[in-house]
There are 2 protein chains.
Amino acid sequence: MARAATTADTFNALAEPRRRQLVDALADGGERAVNELVHRVELPQPQVSKHLRVLREVGVVDVRDHGRQRLYRLNGRALKPIHDWVSSYERLWSERFDELDLVLDDLKRKEEGDDGGE
Amino acid sequence: MARAATTADTFNALAEPRRRQLVDALADGGERAVNELVHRVELPQPQVSKHLRVLREVGVVDVRDHGRQRLYRLNGRALKPIHDWVSSYERLWSERFDELDLVLDDLKRKEEGDDGGE
DNA sequence: TTGACATATTCCTATATAGGAATACAATGC
DNA sequence: GCATTGTATTCCTATATAGGAATATGTCAA
């Protein structure tokens with residue numbers, strides 16, 4: 001079997017650095033025409049269109065027709081699943097969670113001590 | 001050109017669902033032998049070893065020899081780049097940022113009003 | 001209609017997988 | 001040494017790209 005399709009999920013779609021660049025180019029939430037994006041990411045127009053298609057298929061961007069242009073906009077909500085997944089690991093490196101860890105360790109110790117005690 | 005190598009960066013390594021499963025199986029920060037992981041993710045042992053190799057090459061897991069076993073442990077810090085990247089978009093869906101948005105919009109409006117006014 | 005501009009699609013190819021099967025390598029116990 | 005257990009690697013194949021080039025589609029203007 002080959003690798004999962006890029007359109008399989010957001011994670012796969014964003015595994016491609018150029019697509020992340022495109023997302024970055026739309027980061028402010030504004031709309032951008034394809035040519036505008038072409039200039040920002042410095043890639044041939046067909047490639048930009050192809051990457052945008054993938055992003056569209058996983059719902060990371062939305063499109064809107066506007067005369068002869070097509071305006072793309074970031075749909076940030078689509079990134080939430082990824083954020084949720086990695087966030088559950090944030091405690092492994094963030095200092096903010098040091099105190100929480102102490103509490104959890106404490107709970108764990110108590111629970112183990114209680115084990116079968118009831 | 002084909003897709004970027006899975007070992008190119010953490011994002012590509014984790015684009016594979018099975019590898020995310022493996023990471024999840026190590027989520028508690030503890031060490032696990034390969035066979036233990038094999039049972040958890042219900043995948044043939046060679047595949048698990050191959051996926052672990054990829055994860056090791058991007059630094060998502062660490063290994064340690066222990067007799068005839070090899071103990072793998074999650075290196076959460078390696079997930080930070082991904083977290084940082086998606087987090088910068090969190091404001092696009094999180095209610096927590098609604099108020100911040102108001103402030104930023106306000107600043108923006110003022111700036112635009114000021115534009116060239118000096 | 002014709003032309004110019006904006007964007008999408010098609011065809012092609014080299015490449016990197018992921019999975020399966022078989023096997024190699026390593027450490028332990030007898 | 002030899003069998004056993006635990007893990008990694010190799011060989012094979014089908015498949016999905018990403019990029020390049022050329023071209024198709026769509027829209028506006030004169």
Side-chain angles (χ1 to χ4, degrees), chain A residues 1-26 30-58 60-74, chain B residues 1-26 30-58 60-74:
Chain A
M1 218 184 242
R3 239 206 271 191
T6 54
T7 54
D9 60 85
T10 320
F11 233 117
N12 274 283
L14 294 174
E16 169 62 45
R18 316 302 194 133
R19 285 197 280 268
R20 261 175 283 160
Q21 265 184 267
L22 281 169
V23 170
D24 288 337
L26 292 167
E31 287 180 316
R32 301 252 187 303
V34 177
N35 260 331
E36 219 170 327
L37 294 170
V38 166
H39 284 113
R40 292 206 181 211
V41 304
E42 299 195 293
L43 239 54
Q45 175 268 314
Q47 295 207 42
V48 171
S49 281
K50 280 188 272 190
H51 282 312
L52 285 172
R53 187 195 225 275
V54 173
L55 291 174
R56 190 156 37 84
E57 286 182 328
V58 294
V60 170
V61 299
D62 295 320
V63 213
R64 178 169 79 86
D65 282 22
H66 178 64
R68 50 179 111 178
Q69 336 197 66
R70 304 199 85 188
L71 303 180
Y72 283 83
R73 189 194 340 181
L74 183 59
Chain B
M1 218 185 244
R3 239 207 272 191
T6 54
T7 54
D9 61 84
T10 319
F11 232 117
N12 275 283
L14 295 174
E16 170 62 47
R18 315 304 194 132
R19 286 197 279 268
R20 261 175 283 161
Q21 263 184 268
L22 281 170
V23 169
D24 287 337
L26 293 166
E31 289 180 316
R32 301 253 187 303
V34 177
N35 259 331
E36 218 170 328
L37 295 170
V38 166
H39 284 113
R40 292 206 181 210
V41 303
E42 299 194 294
L43 238 53
Q45 175 267 316
Q47 296 207 42
V48 171
S49 282
K50 281 188 271 190
H51 282 311
L52 285 172
R53 187 196 225 277
V54 173
L55 292 175
R56 191 156 37 82
E57 287 182 329
V58 294
V60 169
V61 300
D62 295 320
V63 213
R64 177 169 79 86
D65 282 23
H66 179 63
R68 52 179 110 181
Q69 333 198 70
R70 305 199 86 190
L71 302 180
Y72 283 83
R73 188 194 338 182
L74 183 60

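Numbered from 1 within each chain, the chains take letters A, B, ... in sequence-line order.
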Do [X] and [Y] touch side chain to side chain, with heavy atoms closer than 4.5 Å?
X	Y	answer
A:Leu52	A:Arg70	no
B:Thr6	B:Glu16	no
A:Leu26	A:Leu22	no

To the nearest Å, how far apart are [X] [atom1] and [N] [atom2]?
X	N	atom1	atom2	answer
B:Glu57	D:dA8	CD	P	12 Å
A:Leu37	C:dA6	CG	C1'	13 Å
B:Leu52	D:dA8	CG	P	7 Å
B:Arg64	D:dG6	CZ	P	17 Å
B:Glu36	D:dG6	CD	P	12 Å
B:Asp65	D:dT7	CG	P	10 Å
A:His66	C:dT7	NE2	P	10 Å
B:Leu14	C:dT17	CG	P	14 Å

So does [Y] get a backbone contact from the side chain of [X], meaning a donor-acceptor N/O pair under 3.5 Å?
X	Y	answer
B:Asn12	B:Thr7	no
A:Arg19	A:Ala13	yes
A:Arg20	A:Ala15	yes

Given [options], identify the nucleotide with an atom nearest to the side chain of [X].
X	options	value
B:Ser49	D:dA22, C:dG20, D:dA8	D:dA8
A:Met1	C:dA22, C:dA18, C:dA8	C:dA18
A:Lys50	C:dT9, D:dT7, C:dA6	C:dT9
A:Gln47	D:dG19, C:dA16, D:dT17	D:dG19

Tell me if the side-chain of [X] makes a donor-acceptor pair with the base of [N], cut-off 3.5 Å, by modelled atom types.
X	N	answer
B:Arg68	D:dT5	yes
A:Gln45	C:dA8	yes
A:Glu16	D:dA18	no

Under 4.0 Å from OP1 or OP2 of [N]: is there any side-chain N or O of [X] that close?
X	N	result
B:Arg18	C:dG19	yes
B:Arg70	D:dG6	no
A:Asn35	C:dT7	yes
B:His51	C:dG19	yes
B:Tyr72	D:dA8	yes
A:Arg53	C:dA8	no

More 5' along DNA chain D: A:Leu43 or A:Gln69, using each one's nearest nucleotide?
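Nearest-nucleotide comparison on DNA chain D picks A:Leu43.
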First encountered from the 5' end of DNA chain D, between A:Thr6 and A:Pro44:
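It is A:Thr6 whose nearest nucleotide is closer to the 5' end.
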Base, sugar-phosphate alone, or nothing: which one does A:Arg56 contact when heavy atoms must sit under 4.0 Å apart?
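No contact.
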If each of A:Arg3 and A:Val63 is mapped to the nucleotide of DNA chain C with the nearest heavy atom, which maps nearer the 5' terminus, i.e. the 5' end?
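It is A:Val63, whose closest nucleotide lies nearer the 5' terminus.
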